[in-house]
Amino acid sequence: NAGVTQTPKFQVLKTGQSMTLQCAQDMNHEYMSWYRQDPGMGLRLIHYSVGAGITDQGEVPNGYNVSRSTTEDFPLRLLSAAPSQTSVYFCASRPDTRGEAFFGQGTRLTVV
Amino acid sequence: KQEVTQIPAALSVPEGENLVLNCSFTDSAIYNLQWFRQDPGKGLTSLLLIQSSQREQTSGRLNASLDKSSGRSTLYIAASQPGDSATYLCAVDRGANNLFFGTGTRLTVIP
């Protein structure tokens, strides 16, 4: 079982560039989320989805877009990268709103 | 807003010792609480999930308790091993698909 797979594992961007972080899960989970982890802070929710075609904002959504066209995939788009978006990004999935959350291995993003 | 605190931030113990990690949260209206392990440069691995109606959960050498009324959870690790060295995170679920995380306790088990 692959679980939650994130690509790429590492990425360096220049300020103003755009990119997409990929997330895929093979557990047929309805709920998927994106978090960012910064030093000295707990993980914070960026965007989430409760099923294909349904997304909503989390705590820190500015500068990020998401879409959910299939149950399996939940990509995160950075529209115009800024140094403040330097962070480690984690994708998570869970079967329902009270179920156990499973996380990917993370994408370490540096914006210079 | 839900605040989650984990104390201590770092802990070193000799191999074989039993230990307790603490997690406290400010709003007791939670659905569940989940403990994770994070190795350096890696993702989060789920250890235990406690629903709001439960008092504790056990998995092997791990036991997690939940006291909603006091806003506390503990993770008990029995007979610690060097392989237990990692950062342990607790996360509180208040619905709306948002887990509120503490900043973690970094555990080092000394052989």
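A, B, ... follow the sequence lines: proteins, then strands. Residue 1 opens every chain.
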> Are any non-hydrogen side-chain atoms of His47(A) and Tyr64(A) less than 4.5 angstrom apart?
Replying inline: yes
> Is the CZ atom of Arg106(B) crowded by more than 12 outside heavy atoms at less than 6.0 Å?
Replying inline: no
> Is there side-chain contact between Gln2(B) and Asn98(B), with at least one heavy-atom pair below 4.5 Å?
Replying inline: no
> Between Gln105(A), Arg98(A), Lys9(A), which residue shows the highest count of heavy-atom pairs closer than 4.5 Å to chain B?
Replying inline: Arg98(A)
>> Within the 4.5 Å heavy-atom criterion, are Leu75(B) and Cys90(B) side-chain neighbours or not?
In response: no
> Heavy-atom distance under 4.5 Å between the side chains of Cys23(B) and Leu33(B), does that happen here?
Replying inline: yes
> Between atom CG of Leu11(B) and atom OH of Tyr88(B), what is the distance when rounded to the nearest 0.5 Å?
Replying inline: 10.5 Å
> Does some side-chain heavy atom of Asp93(B) sit less than 4.5 Å from a side-chain heavy atom of Gln34(B)?
Replying inline: no
> What is the distance from atom CD1 of Ile77(B) to atom CH2 of Trp35(B), rounded to the nearest 0.5 Å?
Replying inline: 8.5 Å
> Where along residues 79-96 of chain A does a heavy atom come under 4.5 Å of chain B, listed by residue number?
Replying inline: Phe90(A), Arg94(A)
>> Is the shortest side-chain heavy-atom distance between Ile50(B) and Asn32(B) below 4.5 Å?
In response: no
> If you count heavy-atom pairs under 4.5 Å between each of Gln38(B), Gln6(B), Gln51(B) and chain A, which one has the most?
Replying inline: Gln38(B)
>> Is the shortest side-chain heavy-atom distance between Leu47(B) and Ser59(B) below 4.5 Å?
In response: no
> Checking heavy atoms, do the side chain of Leu48(B), its backbone, both or neither come under 4.5 Å from chain A?
Replying inline: neither
> Using a heavy-atom distance cut-off of less than 4.5 Å, which residues of residues 12-22 of chain A contact chain B?
Replying inline: none
> Tell me, side chain or backbone of Glu59(A) under 4.5 Å from chain B's heavy atoms, or both, or neither?
Replying inline: side chain
> Any chance the rings of Phe100(B) and Phe25(B) have centres within less than 6.0 Å?
Replying inline: no
>> Could you tell me if the side chain of Tyr48(A) sits less than 4.5 Å from the side chain of Thr55(A), heavy atoms only?
In response: no
> Between Leu43(A), Val4(A), Asp56(A), Val50(A), which residue shows the highest count of heavy-atom pairs closer than 4.5 Å to chain B?
Replying inline: Leu43(A)
